[in-house]
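A short worksheet on the structure shown next.
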Amino acid sequence: MQLDSLNKAQKEVVLNSEGPMMVLAGAGSGKTRTLVTRISHLLEVKGVSPFQVLALTFSNKAAREMRERIASTVNIDLGALQITTFHSFCARVLRSQANYIGLSKSFTIYDDSESKTIAKSLLAKRGISTKEVSPYEVLGFIDDLKNKGYYPGRDMGPEFENFEDDQMFYEMFLEYESELARSNAVDFGGLITGVLKLFEKHPTVLKTYQERFRYLLVDEYQDTNRCQFELICYLAEKTQNVCVVGDEDQSIYSWRGADINNIFDFEKKFPEAKTYKLEQNYRSSKKIIEAASHVIARNSYRKGKTMWTDNPEGEEIEIIENNSDKDECEFVASKVKELKKAGNTYNEMAVFYRTNSQSRQVEDALRNSNINYRVVGGIKFYDRKEIKDILAYLRLVVNEKDNLALSRIINVPARGIGTTTLRKLENEAIKNNQSLLETLKQMVAAPEEFKHIRITTKVKSAINHFVSLIEELIILKDSGEKPLVLFEKTVNETGYMSFLKAAKTYEAEARLENLEELGNAIAQFESNNENATMDSFLETITLDRTANDEEDTQGEVSLMTIHGSKGLEFKYVFIVGSEENMFPSMRSIEAGEKGLEEERRLFYVAMTRAMVKLYICFAQGRMLYGQLRFNGPSRFISEIPPKYYTWIKAKTGARGGWDTSSSETYGTSSSDDFFADETYDDEVVYQVQSSVIQAKYPQGSSVVHSLYGEGKVTETSGAGEQEKVVIKFNDGAIKKFMVKFAPLELLS
DNA sequence: TCGACGATCGTTTTT
DNA sequence: CGATCGTCGA
């Protein structure tokens, strides 16, 4: 254990092993190292058994990393040490206590897309089109309840009584829940609420967990939702040995239910709690840290930390102004090449964007320059149709009650059991309070009882076939056959393989390859896990979607959304698309101050990933939804005091002209151009002052735009560099521009 | 029962 | 612009 390599605050965190503690750990402050050392200290010095420690994280990646690092510092068998995600932990608890909650051990975990399918069917049942009410609205409502820790029947206090407004939604929630129960299934949120319910309804069960886990640690605490908070409170109630580590400035998942209040409420719930701040940054240069600190200081909803670093001053941040989105990507590509030439490797560089859809252009530019790259978290293997189909078969085999799985594949490949038949069967199943497969089985056994639903003999024989197929697979599974064998049988016996082979299209070819890949994944799972079962494989892939293909031969530039970058670090970071309406996103701007603060945290996260050099790029004009937009640079750029950056016009159109020069004007102009009316102060943060400069295009003036032609100004706001206008063009189009960027000319 | 075509609508997604 | 979804037609 390397206590000596820790700083004072980190040491305190490690040594104060008893009692409640909250650690506010800034970006790059050695958070993981501290947590790892704390656990090692518990095990090695305090003699705590690994069996009694529970560390909860949000991602599998974080859990794995922590376990590996502990394993390499401590000379103890970590077998019983639980470092897992909230969801895996809860799944485990629910499986071992399944009898208490009316599920069987082999319950299925439904992912978001399956939840969506149920939401859709609930709407359809009511004759509501998805246009009137989006299934996402329904899911949002349900999710919201679950995030807050609600389960049917739970007493949540006064503010939860007003379901009246949403009577219909609440009814759908109840139906959704019973639909899950009927299928012996749980959704992601239900894993957490399920355990909460278990603990509340069965104090004896709770007690066993409280007694087992004497030491509780929670990573990424700022991302916990209310339900998880309550879970933590229950688990820690007895020993009070709970250590939560988080950073309110990196809370970027509030839209997923993360509740910053958990940070503020921790001390209320645990009045004895000690709070520590890890404020020394070991990752980034001084310039980057100070710049990022100035940006985040504008947020009001924070506890407040002052990050500092002993690292060298470092290079200035570069603000890169480009003519278009395309130029921006080309700039990134050429800069990446330049950095490579200077002796850096590709995997020291990363490109961050706000939305996944922005990756394509970056990819194009990198590919054209023959630069190796990897898109992190883009394509989702397990979301592919053919994969979901085969997995649905496997799920059904594991959990016979999985009605969703059955309805998905009963006619894939086509067996002549269409939607009408399925609808009839579903009604029967509900009427008889059975699962679909049970109903089917019964129908095979006693067809005369199903005369009233009028199913043709042809369809009946198809059903017979289907049922015996599934039964055969179930027998195979029960006989203890290995997952890979079960998979291969499934692919072949169901006719899926021959159906794809027969198609002979390019697409079918790709699908076959994907199935092969699924086979490889199963084989790998078998070799990694001694007693691999299909059940455990299915759980693993729904709860851990990180693809495990880690080949870093040549090194690759990493491309990812900023959300995906949390927890990572790179020497060189490019943030692309740093424009208003992109980043911050249009929606967040509309959402108001809270939305903007979250975007600012996102920007802060992006900045603090960079160790050596940060490039913040924006384009004057960008193609968006098939339209050229002039958004202007992100307000967050203007929140960085100019002394930390150099403003570089990489490729910019001449003022007022759009498609003019392609000449490179690498110059070091300052930000004065853009943010002339802002003042900076090192201590406190500055309000944007309104300018007294007159508008260049006052309301009513006639103008000509080099692309859209002539029009009239209908609205003007701001002045000088901030001036914005709304123009109604002669062809009727109404568009909004930032005067600074728009190729406009005044006519009268 | 499948496929072709038009209308629609655009965040982020640890689990 | 483009992916996705729903509707309609054969």
Side-chain angles (χ1 to χ4, degrees), chain A residues 56-65 84-91 109-113 115-116 120 124 129-131 134-136 139-140 143 146-147 186-192 219-225 227-228 250-258 325 352-361 376-378 380 382-383 385 411-422 503 505 539-546 560-568 577 581-591 595 598-599 601-603 605-606 622-629:
Chain A
L56 295 173
T57 64
F58 274 81
S59 70
N60 293 283
K61 203 170 77 184
R64 269 194 296 270
E65 188 188 343
T84 48
T85 64
F86 266 96
H87 294 266
S88 296
F89 171 72
C90 290
I109 300 168
Y110 279 175
D111 68 16
D112 291 343
S113 80
S115 300
K116 190 181 155 203
K120 268 188 185 165
S129 85
T130 51
K131 270 177 205 150
S134 147
Y136 292 111
L139 287 182
D143 234 33
K146 295 197 173 189
N147 285 335
V186 180
D187 64 5
F188 283 138
L191 288 170
I192 320 283
D219 191 17
E220 304 285 10
Y221 179 67
Q222 76 283 355
D223 291 332
T224 50
N225 61 35
C227 186
Q228 288 160 333
Q250 292 186 70
S251 166
I252 54 176
Y253 283 101
S254 71
W255 50 276
R256 277 288 247 98
D325 41 359
F352 299 159
Y353 31 79
R354 178 66 243 267
T355 64
N356 275 311
S357 58
Q358 291 168 262
S359 80
R360 168 179 270 153
Q361 286 193 322
V376 179
K380 280 161 204 125
Y382 290 105
D383 283 347
K385 185 184 179 298
N411 204 31
V412 182
R415 299 186 172 89
I417 310 173
T419 40
T420 334
T421 311
L422 186 60
T505 61
E539 173 164 321
T540 304
I541 59 172
T542 43
L543 292 184
D544 183 2
R545 304 208 131 193
T546 39
M560 64 189 86
T561 63
I562 297 155
H563 283 89
S565 77
K566 201 175 76 173
L568 304 175
N581 298 323
M582 299 283 296
F583 191 9
S585 71
M586 196 128 70
R587 282 212 188 178
S588 68
I589 294 172
E590 284 162 7
E598 178 138 329
E599 295 284 306
R601 290 193 288 270
L602 202 50
F603 196 75
V605 167
R622 172 178 302 270
M623 273 312 248
L624 199 63
Y625 308 144
Q627 239 189 0
L628 192 55
R629 310 276 175 123

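Residue numbers begin at 1 in each chain, while the letters A, B, ... track the order of the sequences. From a predicted model like this one, the values you see are computed outputs, not experimental measurements.
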- Task: Using a cut-off of strictly less than 4.0 Å, decide whether A:R587 has a side-chain nitrogen or oxygen near OP1 or OP2 of B:dG10.
- Result: yes

- Query: Just how far, in rounded Å, is C1' of B:dT11 from CZ of A:R601?
  - Reply: 15 Å

- Have a look at A:A62 and say if it touches a base, only the backbone sugar-phosphate, or nothing, with a 4.0 Å heavy-atom cut-off. nothing

- Message: What is the distance, to the nearest angstrom, from the CD atom on A:E598 to the C1' atom on B:dT11?
- Response: 11 Å

- Message: Please confirm whether the shortest side-chain N or O distance from A:R629 to OP1 or OP2 of C:dC1 is below 4.0 Å.
- Response: no

- Message: Please pick, from C:dG6, B:dT11, B:dT13, the nucleotide with the shortest atom-to-atom distance to any side-chain atom of A:T355.
- Response: B:dT11

- For C:dT4, measure the glycosidic angle (O4'-C1'-N9-C4 for a purine, O4'-C1'-N1-C2 for a pyrimidine) and name it syn if it falls within 90° of 0, otherwise anti. anti

- Message: What is the separation between atom CD1 on A:I562 and atom P on B:dT12, rounded to the nearest whole Å?
- Response: 11 Å

- Separation of A:W255 atom CH2 from B:dT15 atom P, in whole Å? 12 Å

- Gap separating the CD1 atom of A:I252 from the OG atom of A:S565, nearest 0.5 angstrom: 6.5 Å

- Query: Rounded to the nearest Å, what distance is computed from the CG atom of residue A:N147 to the C1' atom of nucleotide B:dT13?
  - Reply: 13 Å

- Message: Looking at A:R587 and A:E590, is there a salt bridge between them, counting it only when a charged N and a carboxylate O are closer than 4.0 Å?
- Response: no

- Between A:K116 and C:dC5, does any side-chain N or O lie under 4.0 Å from OP1 or OP2? yes

- Message: Can you tell whether the side chains of A:K61 and A:D544 come within less than 4.0 Å, N to carboxylate O?
- Response: no

- Message: On DNA chain B, does the nearest nucleotide to A:I417 precede the nearest nucleotide to A:G626 from the 5' side, or the other way round? Give the residue.
- Response: A:I417

- Message: Just to be sure I follow the notation: if a pair is Watson-Crick (purine N1 to pyrimidine N3 plus N6-O4 or O6-N4) or a G-U wobble (N1-O2 and O6-N3), each under 3.5 Å, what dot-bracket string does DNA chain B give, with | for pairs to another strand?
- Response: ||||||||||.....

- To the nearest angstrom, how far is A:Y136 atom OH from B:dT12 atom P? 11 Å

- What is the minimum heavy-atom distance between A:A606 and A:F352, and which atoms define it? O-CE1, 3.8 Å

- Query: If every non-hydrogen atom of A:F188 is compared with every non-hydrogen atom of A:T542, which pair is closest and at what distance?
  - Reply: CZ-O, 3.4 Å

- Message: Would you compute the distance between atom CZ of A:R354 and atom NE2 of A:H563 and round it to the nearest 0.5 angstrom?
- Response: 5.5 Å

- Message: Could you report the tightest heavy-atom contact between A:D223 and A:S251, atom names first, then the distance?
- Response: OD1-CA, 4.1 Å

- Mutual orientation of the aromatic rings belonging to A:F603 and A:F583 [parallel < 30°, tilted 30-60°, perpendicular > 60°]: perpendicular

- Message: Taking 4.0 Å as the cut-off, does a side-chain nitrogen or oxygen of A:S357 come that near to OP1 or OP2 on B:dT11?
- Response: no

- Message: If you only use heavy atoms from C-beta on, which nucleotide in B:dT11, B:dT12, C:dG6 is closest to the side chain of A:Y625?
- Response: B:dT11

- Query: Expressed in whole Å, how much space separates the P atoms belonging to C:dT4 and B:dT13?
  - Reply: 15 Å

- Query: If only side-chain N and O atoms of A:N60 are considered, is one of them under 4.0 Å from the OP1 or OP2 phosphate oxygen of B:dT14?
  - Reply: no

- Counting any heavy atom closer than 4.0 Å, what does A:Y253 reach on the DNA or RNA strands: base, sugar-phosphate only, or nothing? base

- Among B:dT11, B:dT13, B:dT15, find the nucleotide with the atom closest to the side chain of A:D544. B:dT15

- Message: Taking only side-chain N and O atoms of A:N356, does any of them lie within less than 4.0 angstrom of OP1 or OP2 on B:dT11?
- Response: no

- With a 4.0 Å cut-off on heavy atoms, is A:D112 in touch with a base, just the backbone sugar-phosphate, or nothing at all? base

- Task: Just compare C:dG6, B:dT15, B:dT14 and give me whichever is closest to any side-chain atom of A:D223.
- Result: B:dT14

- To the nearest Å, how far apart are A:F188 CZ and B:dT15 C1'? 5 Å

- Looking for any heavy atom pair under 4.0 Å, which part of the strands does A:S585 touch: base, sugar-phosphate only, or nothing? base

- Query: Between A:D111 and A:K116, is the closest basic N to carboxylate O distance under 4.0 Å?
  - Reply: no

- Query: When the P atoms of B:dT12 and C:dC5 are considered, how many whole Å apart are they?
  - Reply: 15 Å

- Query: Among B:dT14, C:dA3, B:dT11, which nucleotide sits nearest the side chain of A:R360?
  - Reply: C:dA3

- May I ask you to say what A:Q358 touches in the nucleic acid, namely base, sugar-phosphate or nothing, with a heavy-atom cut-off under 4.0 Å? nothing

- Task: Could you state the atom-to-atom distance from CZ of A:F583 to P of B:dT12 in whole Å?
- Result: 13 Å

- Name the closest nucleotide to the A:E599 side chain, picking from B:dT13, B:dT11, B:dC2. B:dT11

